[in-house]
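Keep in mind that what you see is a predicted model, and the values were worked out from it rather than measured. When a ligand or atom number is given, it counts from 1 through the structure's own listing order.
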Amino acid sequence: MFETYDPYGYSLESFLPYGMGALTTFLKQHNYYVEQEDLVIKFNYPNKASSITSIFKNNIDLDISGNIREIRSFFESGEIEGDLGSFLDKILNSIPMEGFNIIGFSIYTFYHFLFALMLSKRIKQKTGIPIVFGGPFINLYGCLYPDAFNSIDYMIVGDGRVPLLKLIDYLQGKTGISEIPNLIYKDNGKVATNPREYYPIEDIPIPDFEGLPMHLYKRPQFGYIYTTILPYQISRNCTGRCSFCNYKNVNRPIEFKSYDKVINELMQMKERYKSKRFYFCDDTINNSYEYLEGLCNLFIKHKLDIEWYVFAKVGNLDKHILKKMKMAGCQWLFFGVESGSDRILKMMNKGFTSEQAAATLKDSYEAGLQNCVYFIAGYLSETQEDINQTLKFIKKNRKYIHLIFIFEFSLEYGSEIYFNFEKHGITNLYPTPSRVIFAFDESGGLKWEQKHKQQEHSKRQIIRAMRIFRVFPLNWRMYLGILFRFIIVRVYRLRHII
Ligand code: SF4
């Protein structure tokens with residue numbers, strides 16, 4: 001099984017692959033032999049083999065830049081040309097594949113998808129082993145790529161444990177293909193989709209990271225110079241209904257793991273992987289105030305002695321719960337504040353005002369937590385006045401913000417805006433090559449080219465404000481971590497060159 005992570009994703013690059021680890025445990029429990037590889041941690045650190053991201057961002061400065069023409073051509077025609085074939089072979093030759101009955105890729109972003117597609121095409125040409133794609137990207141967007149079946153055999157959407165097991169049964173002739181839930185496949189030249197089933201979060205087993213190069217996951221992160229962050233999921237889904245978010249595409253009731261399961265598994269992981277730092281990969285930790293308080297009480301009662309980092313929503317966090325979270329080991333909270341303009345927040349359906357966001361950041365800071373805040377630049381119909389409100393928000397709350405991330409607004413397939421674009425003041429949607437993101441014209445406003453420029457302008461202003469206000473980063477350990485990482489990467493590369 002291969003995990004393909006976004007080489008540029010700040011958070012994903014150095015995190016252990018939770019989904020693949022849980023699948024590995026599940027298959028082993030059913031007496032199958034499993035080997036797992038994290039291709040990005042293996043090849044991208046420090047060689048940056050997966051620099052496809054940069055090519056599509058027109059930001060080409062990495063090793064594979066000589067292959068741009070071939071990669072673009074592969075995306076358009078599906079043919080692997082020129083040097084690209086030998087580049088992929090180099091990767092494949094280092095991974096033993098003989099004797100395996102099936103190969104799975106867990107995919108997070110479009111760039112992983114493209115890279116995995118190219119590798120799969122090569123694997124098929126060389127070995128003919130059946131290939132299945134799964135993971136968050138396939139769950140949301142797999143249906144947009146029927147032509148992927150020129151390189152692979154199957155896609156699984158949603159929780160892949162039971163479907164993968166049944167797919168293996170099918171390959172052994174024990175069941176029919178129509179009996180495999182959540183499967184997309186090609187049947188007599190047509191793409192077929194089997195009915196969807198859902199499985200409780202409580203049944204997800206503790207992840208098994210055996211075989212992964214654990215030393216490479218020890219990285220400078222969250223202000224620590226050298227540490228391993230263990231991923232763990234406590235709950236599933238989100239009560240939020242943000243217009244730009246495509247999670248509603250898979251909208252389901254909120255699910256929580258039982259307290260016993262969470263406590264036992266965290267203790268086991270801490271012991272097994274010798275790290276007390278966890279990233280809780282939930283959509284948001286505070287879907288239920290009561291559940292969160294009960295969880296923190298147990299972390300404190302059991303003296304779990306762990307440190308954790310998690311996304312949270314502005315809304316139901318008060319001083320009491322924030323102090324309790326700190327006592328229970330919470331270090332960082334990540335908030336999608338998105339804008340300092342109440343008009344934009346309302347359009348986004350965020351469910352809070354800028355004043356409420358400011359109050360939560362202050363309470364969190366006073367409880368001893370560090371706040372990372374996300375902003376979206378160039379949202380629909382954003383004006384200079386809206387941008388000024390965001391700049392004012394950053395300036396006013398700079399004491400309470402430890403880290404900022406800014407993204408230009410992107411209109412994604414599956415979001416509420418996508419389905420009701422006219423309601424959101426959009427006249428035209430234009431698909432981009434990725435098929436996931438759409439360009440658009442604003443009704444009575446900016447055409448896409450102008451809008452794109454406006455987004456860049458908005459982003460630049462926020463970045464400038466961050467520099468001026470010196471919000472990024474306040475934490476001295478973060479400075480040290482970045483410096484340390486810089487030195488290590490340089491030394492590592494030097495060794496490779498020599
Ligand atoms: S709070 Fe986050 S996960 Fe929930 S709907 Fe909004 S953007 Fe999506």
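- A donor atom on one side chain and an acceptor atom on the other are not found under 3.5 Å apart for E442 and Q450.
- In terms of the side chain to side chain donor-acceptor pair (under 3.5 Å) criterion, residue partners of S458 (sequence neighbours excluded) are, by chain and number, E382.
- Of the heavy atoms in C242, both backbone and side-chain atoms come closer than 4.0 Å to ligand 1.
- Of all atoms in ligand 1, listed by their number and element, those nearer than 4.0 Å to a heavy atom of G240 are 5 (S).
- For K323, the NZ atom counts as loosely surrounded, since its 6.0 Å shell holds 12 or fewer non-hydrogen atoms of other residues, nucleotides or ligands.
- When distances to atom 8 (Fe) of ligand 1 are checked against a cut-off of 2.8 Å, C245 contributes an N, O or S atom below that limit.
- Listed by atom number, the atoms of ligand 1 under 4.0 Å from K313 heavy atoms are 1 (S).
- Note: W448 and F440 meet the aromatic proximity criterion, with ring centroids under 6.0 Å apart.
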